[in-house]
2 protein chains.
Amino acid sequence: MSIAERKEREKAEMRSLILSAAHHIFKEKGYDGLNIRSIAERIEYSPATIYLYYKDKNEIFYALQYEAAAAKRDHLIPAAGIEDPWQRLIEFGRLYVDFGLKHPDWYDLLFLTRAPMEHVENQECWTLGMATHSFFVETVQACVDARYFKSTDTQTIAYTLWCHAHGLVSLFVRERMRMYPPEQREELARKSFAMIVKMAEGL
Amino acid sequence: MSIAERKEREKAEMRSLILSAAHHIFKEKGYDGLNIRSIAERIEYSPATIYLYYKDKNEIFYALQYEAAAAKRDHLIPAAGIEDPWQRLIEFGRLYVDFGLKHPDWYDLLFLTRAPMEHVENQECWTLGMATHSFFVETVQACVDARYFKSTDTQTIAYTLWCHAHGLVSLFVRERMRMYPPEQREELARKSFAMIVKMAEGL
DNA sequence: CAAAGTTACTAAACACTGTTTAGTGCTCAA
DNA sequence: TTGAGCACTAAACAGTGTTTAGTAACTTTG
């Protein structure tokens, strides 16, 4: 059975080779510059070969989304070590926004791309994203339990904070802040984050 | 000069015919279903004719964005009549979210589409959008002037509220709320809006 | 070890985009 | 009436994602 094992290994290696090429092209040329032919050219195979390892472009897209979700999780990990739930929540939020501003392409891929979202729920990407989201909600719950807020509606609190952070990053990523001078934008984001923290304190 | 006038009129009519076809196709089949050939077919002209009236697809896209901006402005108009700045601000926010949830395609076109945003600033669409945005900021300013908030940082207050509303609508429009059951989503949005209003009261 | 079967791969095509080119026939001013 | 300009289009080009048909190498089998 050694040959079958080798073949399976080679298949996995090829899949990872394709994905890594897609990853590089995505980072260099963005989503629009990523196409099957450019992947094929980079790995020096014909375009048709790609289809022996991935069903279609969407499958590659999902795999990339997973990488983005993993990058986001890794970025947020430092927050998990903070004991105090309120400080943990603040740091989580800060890192979330930080991730979005530092890696707009990844954030875009995760939250702003018009993707066939019906299928994404079956993907590992969704599972991973949900785990990160759960960590967030649990931190809010810990704050609620520790009476950091007057309100006890964990779900709505979590959702409201997420809306703000997501809106903030989205306006950046999709360049809808052009009414503010470029050098003001990051400062405004920081001020707004500080403000929502202050607002949350009064919840 | 009557002939020249007629020609100009006909040119304008053709432009509006094309745009109206694009509008219908966009509403029926969404952004992905909108292409030059489908517009041409609908108005019973050849695809090449489109290019005699619009430079490229982007120009049609900008014209559609303008329609979306106008629809949004019209949706928000009722808020302008409210005397009390704080009540006006609340109603403005409510209508903003309402517009996004009722017309996800329009909202998408305005705020979520990966468009060549560098050129959009020269378009009437941007001017119109900026006017609406200014009305919003002015309302916040009126609240600040009337001492509705402790904070006097109008810009950051306005931006923070916008972030929340935009984040809320975006998560809807791009279907990133799938962890909540469909029937819960709108209620959650309403609750979150109520919560941000409460939070803003304590600003 | 040779024949047969299976696999990995690709050239070329297909269908669909946006866009351009090279006309064609009609309108209109002189 | 005639020549210039105009509205329009068929056909092509270039770039997408994807499929098909075939080839050549590898693996199994008799």
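We name chains A, B, ... by the order of the sequence lines, and we start the count at 1 in each one.
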Integer-rounded Å distance: D:dT16 P and A:Asn58 CG: 17 Å

Donor on one side chain, acceptor on other, A:Tyr159 and A:Asp153, under 3.5 Å: no

Separation of atom NZ in A:Lys11 from atom P in D:dC26, rounded to whole Å: 18 Å

Taking every non-hydrogen atom, the tightest pair across B:Tyr180 and B:Arg185: O-NE, 2.9 Å

Atom-pair distance (NZ on B:Lys57; C1' on D:dG15), nearest Å: 14 Å

Atom pair CG/SG of A:Leu109 and A:Cys125 - distance to nearest 0.5 Å: 8.0 Å

Spacing of B:Glu13 atom CD relative to D:dC8 atom P, expressed in whole Å: 12 Å

Salt-bridge criterion met for B:Glu28 and B:Arg42 (N-O under 4.0 Å): yes

Lys/Arg N to Asp/Glu carboxylate O, B:Arg88 vs B:Glu91, below 4.0 Å: no

Under 4.0 angstrom between A:Tyr54 side-chain N/O and D:dT18 OP1 or OP2: no

Length of the NZ-C1' vector between B:Lys29 and C:dC16, whole Å: 14 Å

Between P of C:dG18 and CD1 of B:Ile60, the distance in whole Å: 9 Å

Shortest non-hydrogen contact between B:Ala22 and B:Ile60, atoms and distance: CB-CG2, 3.8 Å

B:Glu10 CD to C:dT27 P, straight-line distance once rounded to whole Å: 12 Å

Interface with DNA chain D, restricted to residues 41-51 of chain B and to heavy atoms under 4.0 Å: B:Tyr45, B:Ser46, B:Ala48, B:Thr49

Distance, rounded to the nearest Å, where A:Leu52 contributes CG and C:dT6 contributes P: 18 Å

Side-chain donor/acceptor of A:Arg37 to base of D:dG15, under 3.5 Å: no

